Number of protein chains: 2
Amino acid sequence: MALFRAPRPGLSSPSVKGDIPAATVSRLPVYLRSLGDLPPSQDTCSSEQLASIAGVNSAQVRKDLSHLGSYGTRGVGYHVADLREQLRHALGLTRGYAVAIIGAGNLGSALSNYAGFGSWGFGVAAIFDNDPARVGELVGGLAVEPLSHLEEIVAERGITIGIIATPAGAAQEVADRLTKAGVRSILNFAPAVIHVTDGVEVRRVDLSTELQILTFHQQR
Amino acid sequence: MALFRAPRPGLSSPSVKGDIPAATVSRLPVYLRSLGDLPPSQDTCSSEQLASIAGVNSAQVRKDLSHLGSYGTRGVGYHVADLREQLRHALGLTRGYAVAIIGAGNLGSALSNYAGFGSWGFGVAAIFDNDPARVGELVGGLAVEPLSHLEEIVAERGITIGIIATPAGAAQEVADRLTKAGVRSILNFAPAVIHVTDGVEVRRVDLSTELQILTFHQQR
DNA sequence: GTATGTGAAGACCTTCACAGCG
DNA sequence: CGCTGTGAAGGTCTTCACATAC
């Protein structure tokens, strides 16, 4: 899991020193969102307050933010607007990303209609399905395209993120094709583990796994 | 996060000795699914093979399974059918669970249509929305019910799992009501951190967090 | 006084490597 | 001989506690 290592020590990305632990990275989006929950009048925010909104320990917040090189002010806290920018920058949210959704079934359609998508610079640039009956249908304002055009369209539209919303059986093949087409970030909603080459990052979102973890605890 | 501690050391649950680490619990569903990917002719399965399907290290598989008290056979491997039963049992999948979905928007509708739901004993027993225009609409074979009936219906139908598919702003209130109605397992799809009392387990599934983690890595 | 930034301690998790058993 | 089960080693992550700075 997790391949980090910025190859060139000094040049990786402006102002981020060294690497950021994976556990920290997974909390940064939560902090970023939490800032949005503050009253707009508030300029400054303590680690304690951020922690309570984000649902973590305040020492965790301070340590996490210290990895960004973000400096708060002792005795005061973090400057909200600055911190927001630092987080956006660290997460790479200063540019936009073109996303492809593969699978125009219930889930794929729901995702492409998801409003919160645009707000952080993600844009759905294409939605694919291999069912000819679905091709051409309008979903979330886009016409469904045939899966056979995947490689071509990914290249044309500069798509760098693929969201797999197919049945489990198709997930691996779709991942292979996305990878070959140059996509290096995949979000997999299919209930299957997919295997990819080094340098491609996959994250899995799996309803039945989550439900089963809940039942494990419930049963105690 | 994670509150474990089976109160009575010896009596927690049949054949599970002590507690199972959270990290292990989160992989058990993956192993269970992986067993389904084996050729049906195969009776027995090595940790190596399971590991490669599940995408983890084989020592991990052996250690994880050893927590179940599940005994494989040295020199041979694990008996597939037995292991499947052990996993189902450990995860509490030997009984059914009634689930409520709150929010009948795109996501809620997609979830209630999700076929893979039933296969592990989960049944959608109700779907709620607070938009009067939606109440009565059929979604995944169920009529949408008004949110005001939540408590009553949860009790009547023995619902123990709540899936929050509302906008962020409504999530905390819905969680509070679910909790008061006695639901102790919540799967939260809303982009918000929700706070609950001890003894209630919440798992968060968050599209924008996942996308932002991907962009972090992509940007290196 | 107040809140950050961080070394150190401790909990947790993963991986190795091999003893032990079929 | 092959593969499990597991002590021990090595990481990673979290939390504490306090020196440090405003």
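All values reported here derive from a predicted model rather than from experimental measurement. Every chain is numbered from 1, with letters handed out A, B, ... down the list of sequences.
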Interatomic distance where NE2 belongs to A:His67 and P belongs to D:dT12 [whole Å] | 12 Å
Does OP1 or OP2 of D:dC13 have a side-chain N or O of A:Gln60 closer than 4.0 Å?
-> no
Would you kindly give the CZ-to-P distance between A:Arg27 and D:dC13, to the nearest whole Å?
-> 9 Å
Mind calculating the distance between CG (A:Leu65) and C1' (D:dT14) to the nearest angstrom?
-> 15 Å
Atom CD1 of A:Ile20 and atom C1' of D:dC13: how far apart are they, to the nearest Å?
-> 15 Å
Rounding to a whole Å, what distance do you find between A:Glu48:CD and D:dT15:P?
-> 13 Å
Between D:dT4 atom C1' and B:Leu83 atom CG, what is the distance in whole Å?
-> 13 Å
Does a nitrogen or oxygen in the side chain of A:Tyr78 sit under 4.0 Å from OP1 or OP2 of C:dG5?
-> yes
For B:Tyr78, check ring-ring contact (aromatic ring centres under 6.0 Å, His included) against everything at least two apart and list the hits.
-> none
Base versus backbone protein contacts along nucleotides 16-22 of chain D [heavy-atom cut-off under 4.0 Å; B, S, -] = BB-BBBB
One should read off an interatomic distance between A:Lys180 NZ and A:Thr197 OG1, to the nearest 0.5 angstrom, of 9.5 Å
What nucleotide among C:dA3, C:dG5, C:dC13 has an atom nearest to a side-chain atom of A:Ser46?
-> C:dA3
Just checking, any donor-acceptor pair under 3.5 angstrom between side chains of B:Gln172 and B:Asp176?
-> yes
For B:Tyr31, the option from B:Leu68, B:Thr24, B:Asp64, B:Ile53 that meets side chain to side chain contact (heavy atoms under 4.5 Å, CB included) = B:Asp64
Considering only NZ, NE, NH1 and NH2 on the basic side and carboxylate oxygens on the acidic side, decide whether A:Arg177 and A:Glu151 come within less than 4.0 Å.
-> yes
Could you give the NE2-to-P distance, from A:His79 to C:dT4, as a whole number of Å?
-> 15 Å
Whole-Å gap separating P (C:dG5) and OH (A:Tyr71) | 8 Å
Over all atoms of both residues, closest heavy-atom pair of A:Ala125 and A:Ala98 = CB-CB, 4.0 Å
Where is the tightest heavy-atom contact between B:Val30 and B:Ala54, given as atom of each residue plus distance?
-> CG1-CB, 3.8 Å
